[in-house]
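In this chain, numbering begins with 1 at the start of the sequence shown. Atoms considered below: every heavy atom in the structure, side chains included; atoms not considered: hydrogens, waters and symmetry mates.
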Amino acid sequence: MTLDEQRISAELRRMADEARPVDALAYAARARAGSTRRRRLSLSVAGLAAAASVIAAVTVAVTVATGATGGGPDGVTAAEVDRLPDNTPEQARAVGACMPQGGPVHSMDGRRRIPEHGAVEDFRLLVEYRDEGGSTALVGSRAGFVLCTPSTPAELAESAVFTYWGFQAPGNMRGFPGALQVDAYTSQSRYEEGRDKATRNQTYRVVVGRVTADVRRVEIDWADGRRTDARIADGFFIARVLGKSVPRPGGGKDAFGKPLTVLDSPPVTVTAYGPQNQVLEQVTDEAYSPLGRGTGY
């Protein structure tokens with residue numbers, strides 16, 4: 001796409017957005033560094049004709065219906081469009097609580113906001129995994145995403161560390177080949193203050209990503225005997241399991257003389273299934289990594 005075509009396309013999208021009411025705010029996270037290397041599809045628009053088709057898609061029917069299958073109208077998923085569904089009021093509050101600094105923050109300093117990663121108003125709560133221990137949500141903008149895991153008290157919650165879709169700026173939400181894209185295999189911790197005022201924490205292994213409309217189920221094999229079906233909505237998925245601690249390689253003890261431990265996080269296998277429960281795509285040996293990939297922070 002030439003520079004002029006890019007500007008025209010962007011202006012048409014802006015006009016389309018202004019023609020429809022847009023709510024605000026979004027929720028949660030971090031990103032992954034995996035062992036799987038994929039080619040990346042770039043958006044290509046051939047001149048004004050394609051730009052016109054983009055605005056037609058935006059203005060006519062590009063909002064995605066929420067559903068467990070991840071499908072939207074005419075088989076379009078949220079991972080294939082530029083526009084994200086609006087937050088409900090409850091989701092907007094959750095997104096705001098996830099980013100108390102007003103947007104994503106530095107990976108090493110949760111009080112330092114990174115303005116180029118967007119503002120809280122740019123983010124949507126895309127999909128959420130709930131279990132008896134609480135919840136973790138994938139919260140994203142068109143550029144990238146964060147993870148949100150609420151804690152009590154709230155100031156102990158994980159920081160909203162940003163990762164670009166596709167792991168490169170400016171972020172490519174719909175640029176992935178095949179039926180499945182794993183965007184993060186990482187961890188999130190939840191803190192809770194007990195009646196005795198002691199603070200306890202639980203750490204979860206978390207996998208998030210995107211799928212196409214023909215995917216009906218996503219299963220994660222955690223490589224420790226557990227398998228989990230992910231929650232899917234609008235072309236996005238998330239799953240988590242409670243983590244386990246193991247002795248740190250090389251040993252060592254903390255200040256209280258207790259052996260040092262680390263999160264047991266072996267590579268996982270992620271499988272996408274179709275309408276007949278057939279395997280559409282499988283990612284094996286997906287490696288654990290902190291969030292923030294591609295951001296430089």
Please list, chain by chain and in numerical order, all residues satisfying side-chain contact (heavy atoms from CB on, under 4.5 Å) with Glu219, sequence neighbours excluded. Arg217, Arg227, Asp229, Tyr273
Do we get Arg231 above Tyr129's six-membered ring, with its NZ or CZ under 6.0 Å from the centre and within 45° of the axis? yes
Do Met173 and Leu84 pass the side-chain contact (heavy atoms from CB on, under 4.5 Å) test, and can you show the C-alpha distance, the side-chain angles, and the key distance before you say yes or no? CA-CA 10 Å; Met173 188 173 65; Leu84 290 169; 3.6 Å; yes
What class does the angle between the rings of Phe145 and Trp165 fall in, given that below 30° is parallel, 30 to 60° is tilted and above 60° is perpendicular? tilted
Which residues pass the side chain to side chain donor-acceptor pair (under 3.5 Å) test with Thr271, sequence neighbours left out? Gln282
So does Gly166 get a backbone contact from the side chain of Gln168, meaning a donor-acceptor N/O pair under 3.5 Å? no
Shortest non-hydrogen contact from Leu138 toward Gly209: CD2-O, 4.4 Å
Sidechain-backbone polar pair: Arg205 side chain, Trp222 backbone, donor-acceptor under 3.5 Å: yes
Just jot down the salt bridge (Lys or Arg N to Asp or Glu O under 4.0 Å) partners of Asp109, sequence neighbours excluded, or say none. Arg111
For residues 99-107, which side-chain donor-acceptor pairs fall under 3.5 Å, sequence neighbours excluded?
| unit_1 | atom_1 | unit_2 | atom_2 | d |
| --- | --- | --- | --- | --- |
| His106 | ND1 | Met108 | N | 2.9 |
| Ser107 | OG | Tyr297 | O | 2.7 |

If we count only N and O atoms by modelled type, under 3.5 Å, do the side chains of Glu128 and Ser135 hold a donor and an acceptor together? yes
Just by distance, do the side chain of Ser189 and the backbone of Thr203 share a donor-acceptor pair under 3.5 Å? no
Taking salt bridge (charged side-chain N to carboxylate O under 4.0 Å, His left out) as the cut-off, I'd like each qualifying pair that reaches into residues 243-256, sequence neighbours left out, listed once. none
Please check this pair: side chain of Thr269 against backbone of Thr284, looking for a donor-acceptor N/O pair closer than 3.5 Å. no
Can you list everything that forms a salt bridge (Lys or Arg N to Asp or Glu O under 4.0 Å) with Arg226? Sequence neighbours excluded, please. Asp224
